[in-house]
Amino acid sequence: MAAAMSSSEPCIHATALSYSKDILQPLLRWNDTTSGKWTRRLIFPIMVCIIAPISIMEPASLVYILLIGYGFIGQAFPAIIGMFFWPRATKHGAFWGLFTGFIVTVIFSFLVPHPLGIHAGIWGLSINITVFIIVSLVTKPASGETIERFFPDMTEELFTENRNELSGAKLSKL
């Protein structure tokens, strides 16, 4: 039991922090203090609603508990990769990808366990990536100055492509 608690504790904390800072704070417009309080408040419900039932049903399933934790933590992967490697990524894409990935992971962890034998975190991640890309492409990207701070080598290329696409669209309407 001690091994299970020490191994799953970082997953629980990371999950609580991720969802309070990345979903609840922007959605409810909380400041950092309120978000920090909710991070601490989410740890107990995560343990009671996810960890406790699993450890009661399957006491020897440390691996299963950790897989569920990593399924939730993995939902941050597309936003992190997009933030560093894809200048077209938007905060709305990251938010809605994370949100839908979380919902799908919850559904496929507890209501419809692992369809087709594929772990719930993988299902959540596939929906997360799809939503992240689509929403990022249909929402307004960050300003040129913001992009230039993080992607100085790609700014001109990115905005030249956007200008060419816009001018091509205007010409086709004429």
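These numbers come from a predicted model, not from an experiment. Basis for what follows: all heavy atoms, side chains included, without hydrogens, waters or symmetry-related copies.
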**Report entry** Partner residues of Asn31 under the side-chain hydrogen bond (donor to acceptor under 3.5 Å, both in side chains) criterion, sequence neighbours left out
**Finding:** Thr34
Requested in this report: Please report the closest heavy-atom contact between His114 and His119, naming both atoms and the distance.
Outcome: ND1-CA, 3.4 Å
Report summary line: Scanning both residues in full, the closest heavy-atom pair of Thr130 with Ser126 reads OG1-O, 2.8 Å
Query raised in the report: Do the rings of Phe99 and Trp96 sit parallel, tilted or perpendicular, given the 30° and 60° boundaries?
Result: perpendicular
Query raised in the report: Under a single-linkage definition using a 4.5 Å side-chain heavy-atom cutoff for Ile, Leu, Val, Met, Phe, Trp and Tyr, are Ile133 and Val138 assigned to the same hydrophobic cluster?
Result: no
Report summary line: Smallest heavy-atom separation, Pro78 atom then Gly74 atom, equals CD-O, 3.9 Å
Query - Donor-acceptor contact present, side-chain Gln75 to main-chain Ile103, <3.5 Å - result: no
Query raised in the report: Does the cation-pi check pass for Arg41 over Trp38, that is, NZ or CZ under 6.0 Å from the six-membered ring centre and within 45° of its axis?
Result: yes
Requested in this report: Starting from the C-alpha separation in whole Å, work towards a yes-or-no answer on side-chain contact (heavy atoms from CB on, under 4.5 Å) for Phe77 and Phe132.
Outcome: CA-CA 11 Å; Phe77 179 72; Phe132 175 62; over 6 Å; no
Report summary line: d(Ile127 CD1, Ile122 CD1) to nearest 0.5 Å is 12.5 Å
Query raised in the report: Looking at CD1 of Ile118 and CG of Leu125, how far apart are the two atoms once the value is rounded to the nearest 0.5 Å?
Result: 12.0 Å
Query raised in the report: Which residues pass the side chain to side chain contact (heavy atoms under 4.5 Å, CB included) test with Pro115, sequence neighbours left out?
Result: Phe108, Val112, Trp123
Query raised in the report: Got a second to check how far Lys140's NZ is from Lys91's NZ, nearest 0.5 Å?
Result: 10.5 Å
Report task. Quick one: closest heavy-atom pair of Gly93 and Ser136, and the distance? Result -> CA-OG, 3.6 Å
**Report entry** Verdict with reasoning, Phe95 to Leu27, per side-chain contact (heavy atoms from CB on, under 4.5 Å)
**Finding:** CA-CA 9 Å; Phe95 172 81; Leu27 189 65; 3.9 Å; yes
Requested in this report: For Val135 and Thr90, work out which heavy atoms get closest and say how close.
Outcome: O-OG1, 4.2 Å
Query raised in the report: Could you state the interatomic distance from OG1 (Thr100) to CD1 (Ile107), rounded to the nearest 0.5 Å?
Result: 10.5 Å
Report summary line: Contacts of His92 meeting side-chain hydrogen bond (donor to acceptor under 3.5 Å, both in side chains) (sequence neighbours excluded), chain-then-number -> none
**Report entry** Residue pair Asn128 / Leu98: nearest heavy atoms and the distance that separates them
**Finding:** OD1-N, 3.7 Å
Requested in this report: Step by step, work out the side-chain contact (heavy atoms from CB on, under 4.5 Å) result for Val106 and Phe72.
Outcome: CA-CA 8 Å; Val106 167; Phe72 286 109; 3.6 Å; yes
Report task. Please answer whether the main-chain N or O of Trp30 pairs with a side-chain N or O of Gln25 as donor and acceptor at a distance below 3.5 Å. Result -> yes
